[in-house]
Amino acid sequence: MNNNNLTYVEWDSVNWTRAIQFWNENTNLDLQNSKTLEVGARHGGLSLWLASLGNNVHCTDLNGPSETAKKAHQESTYSDKISHGKLDITNIGSPEKYDIVVSKSVLGGVGASLGQEGIQLSIDEIHSSLRKSGEYWFAENLSASMLHQITRKAFVPWGNRWLYSSNSELIEKLSAFSNVQFLTLGFLATFGRSENQRVHLGNIDKIIDQKIPSSWNYIMTGVATK
């Protein structure tokens with residue numbers, strides 16, 4: 001397992017690393033010195049990854065990134081490319097300012113508090129904050145298969161609160177964007193009880209992902225262009 005990948009994505013490193021690499025492989029932007037906003041950053045792993053690609057990143061969360069995030073950024077060789085702040089995704093208030101806005105496992109948390117309307121409001125705010133031809137890079141947990149849904153309710157503390165969308169629901173909410181490229185992935189790894197188990201199962205996911213219905217996958221990743 002690559003420790004850097006786990007630092008960036010925190011959990012199920014195989015599948016979530018594939019999800020964020022999709023962004024880098026499908027962007028039309030020059031990432032050197034792009035002005036990038038990460039929302040819902042939590043421990044700031046993605047901001048560190050984005051800075052390593054050349055982005056200037058504003059790393060934000062509702063109450064600001066964690067102290068863990070700030071320490072990791074300060075100790076990295078990319079500290080000069082990362083700033084920190086508090087930001088409500090439903091009220092970004094920065095029209096046409098950013099080249100890229102990034103979120104990972106954020107919209108479902110918004111939906112837990114504000115429902116589908118809150119998710120739509122967040123996406124609309126992201127769209128408004130992007131410059132023309134700017135991109136929204138997203139990776140979200142999907143409702144996935146019935147097995148995923150039953151397991152979350154039984155074993156995941158927030159499984160009954162998080163609002164898991166289907167892939168079609170997310171695509172519909174992105175309709176204001178001129179183009180959306182996306183991929184669904186991951187099925188088995190989420191059932192692993194340790195990261196080593198998740199790595200092994202994630203490598204199996206690489207083989208079976210495109211052989212099962214996309215509605216069974218538990219991650220959607222995409223690049224939406226304004």
Side-chain angles (χ1 to χ4, degrees), residues 5 8-31 34 36-41 45-46 49-50 53 55 89 92 98-111 116-145 148-149 152 162-190 202 204-226:
N5 288 348
Y8 297 149
V9 301
E10 300 185 29
W11 196 84
D12 185 4
S13 57
V14 172
N15 282 317
W16 286 103
T17 296
R18 292 167 61 204
I20 68 172
Q21 286 175 342
F22 180 88
W23 303 337
N24 195 24
E25 293 164 359
N26 290 276
T27 183
N28 290 313
L29 301 176
D30 179 0
L31 301 184
S34 287
T36 300
L37 171 68
E38 183 186 2
V39 291
L46 282 188
W49 175 73
L50 291 160
L53 299 178
N55 291 265
I89 189 175
I92 297 175
Y98 296 102
D99 301 301
I100 302 167
V101 177
V102 177
S103 72
K104 172 187 168 291
S105 300
V106 172
L107 297 178
V110 174
Q116 293 288 356
E117 295 82 2
I119 294 176
Q120 186 66 70
L121 175 59
S122 299
I123 291 174
D124 291 345
E125 281 288 299
I126 288 167
H127 184 272
S128 295
S129 72
L130 287 166
R131 294 170 177 161
K132 184 174 175 57
S133 300
E135 295 176 349
Y136 173 33
W137 296 1
F138 63 93
E140 288 294 327
N141 295 275
L142 295 173
S143 51
S145 70
H148 288 88
Q149 295 169 36
R152 285 168 180 153
W162 198 270
L163 186 53
Y164 295 94
S165 298
S166 68
N167 47 14
S168 60
E169 285 173 329
L170 279 181
I171 292 302
E172 182 179 356
K173 287 180 172 61
L174 294 161
S175 61
F177 289 85
S178 65
N179 184 58
V180 180
Q181 303 174 80
F182 70 93
L183 175 71
T184 63
L185 66 154
F187 180 85
L188 290 172
T190 190
I204 298 173
D205 281 337
K206 289 181 180 179
I207 300 170
I208 69 170
D209 266 348
Q210 305 310 313
K211 299 179 181 179
I212 63 175
S214 62
S215 61
W216 290 9
N217 293 133
Y218 90 96
I219 298 170
M220 174 184 275
T221 182
V223 175
T225 305
K226 184 171 180 177

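We're numbering straight along the sequence, starting at 1. Treat the numbers as computed from the prediction; the structure is a model and nothing was measured.
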Going through the checks in order, is the side-chain contact (heavy atoms from CB on, under 4.5 Å) test met by I89 and I126? CA-CA 8 Å; I89 189 175; I126 288 167; 4.0 Å; yes
How many angstroms lie between OH in Y164 and CG in L170, if you round to the nearest 0.5 Å? 13.0 Å
Hey, is CD on E172 packed in by over 12 heavy atoms from elsewhere, all under 6.0 Å? no
Intermediate values then yes/no, side-chain contact (heavy atoms from CB on, under 4.5 Å), W49 and W23: CA-CA 12 Å; W49 175 73; W23 303 337; 3.6 Å; yes
List the steps and the verdict of side-chain contact (heavy atoms from CB on, under 4.5 Å) for V180 and V223. CA-CA 6 Å; V180 180; V223 175; over 6 Å; no
Looking only at non-hydrogen atoms, find the nearest pair between S165 and I119 and report the distance. OG-CD1, 4.0 Å
Check whether K226 reaches the backbone of G134 with its side chain - one donor and one acceptor, N or O, closer than 3.5 Å. no
Quick one: does any side-chain atom of S178 pair with a main-chain N or O of T225 as donor and acceptor, under 3.5 Å? yes
Are any side-chain N or O atoms of E135 and backbone N or O atoms of T27, one a donor and one an acceptor, separated by less than 3.5 Å? no
Working to the nearest 0.5 angstrom, can you tell me the gap between I100 CD1 and E38 CD? 12.0 Å
Parallel, tilted or perpendicular: which describes the rings of F187 and W216, with under 30° parallel and over 60° perpendicular? tilted
Pairwise side-chain contact, S129 with V101, heavy-atom cut-off 4.5 Å (strictly under): yes
Using modelled atom types only, decide if a donor and an acceptor are shared between the side chain of Q181 and the backbone of N26 within a distance under 3.5 Å. yes
Between the side chains of S143 and Q149, is a donor N or O closer than 3.5 angstrom to an acceptor N or O? no
Which atom of E140 lies closest to which atom of S103, heavy atoms considered: OE2-OG, 3.8 Å
Minimal heavy-atom distance between K104 and L46, with the atoms involved, is CB-CD1, 3.5 Å
Side-chain contact, heavy-atom cut-off 4.5 Å: L185 with T221? yes
What verdict does the side-chain contact (heavy atoms from CB on, under 4.5 Å) test give for D124 and K173, after you've listed the backbone C-alpha separation in whole Å, the side-chain angles of each residue and the deciding distance to 0.1 Å? CA-CA 9 Å; D124 291 345; K173 287 180 172 61; over 6 Å; no
Sub-3.5 Å donor-acceptor pair from the side chain of E169 to the main-chain atoms of S166, do we have one? yes
Measuring from L142:CG to S214:OG, what's the distance to the nearest 0.5 Å? 9.0 Å
How about Y136 and H127: are their ring centroids closer than 6.0 Å? no
Between F182 and M220 the two heavy atoms that sit nearest each other are CD1-CE, 3.7 Å
Provide the closest heavy-atom pair for A144 versus R152 in the form atom of the first, atom of the second, distance. CB-NH2, 4.3 Å
Distance from I123 atom CD1 to L174 atom CG, nearest 0.5 Å? 4.5 Å
Side-chain donor/acceptor pairs under 3.5 Å, residues 14-21, sequence neighbours excluded:
residue, atom, partner, partner atom, Å
N15, OD1, R18, NH1, 2.9
N15, ND2, D12, OD2, 3.1
N15, ND2, D205, OD2, 2.9
W16, NE1, Y218, OH, 3.2
T17, OG1, S13, O, 2.5
R18, NH1, D209, OD2, 2.9
R18, NH2, D209, OD2, 2.9

How about D99 and L31: do any of their side-chain heavy atoms sit closer than 4.5 Å? no
Which value, rounded to the nearest 0.5 Å, describes the distance between L107 atom CG and N141 atom CG? 10.0 Å
Rounded distance [0.5 Å steps], CD1 in I219 versus OG1 in T184: 10.0 Å
Taking the side chain as everything from C-beta on, heavy atoms only, tell me whether F138 gets closer than 4.5 Å to V106. no
Side chain of S34, backbone of D30: donor and acceptor closer than 3.5 Å? yes
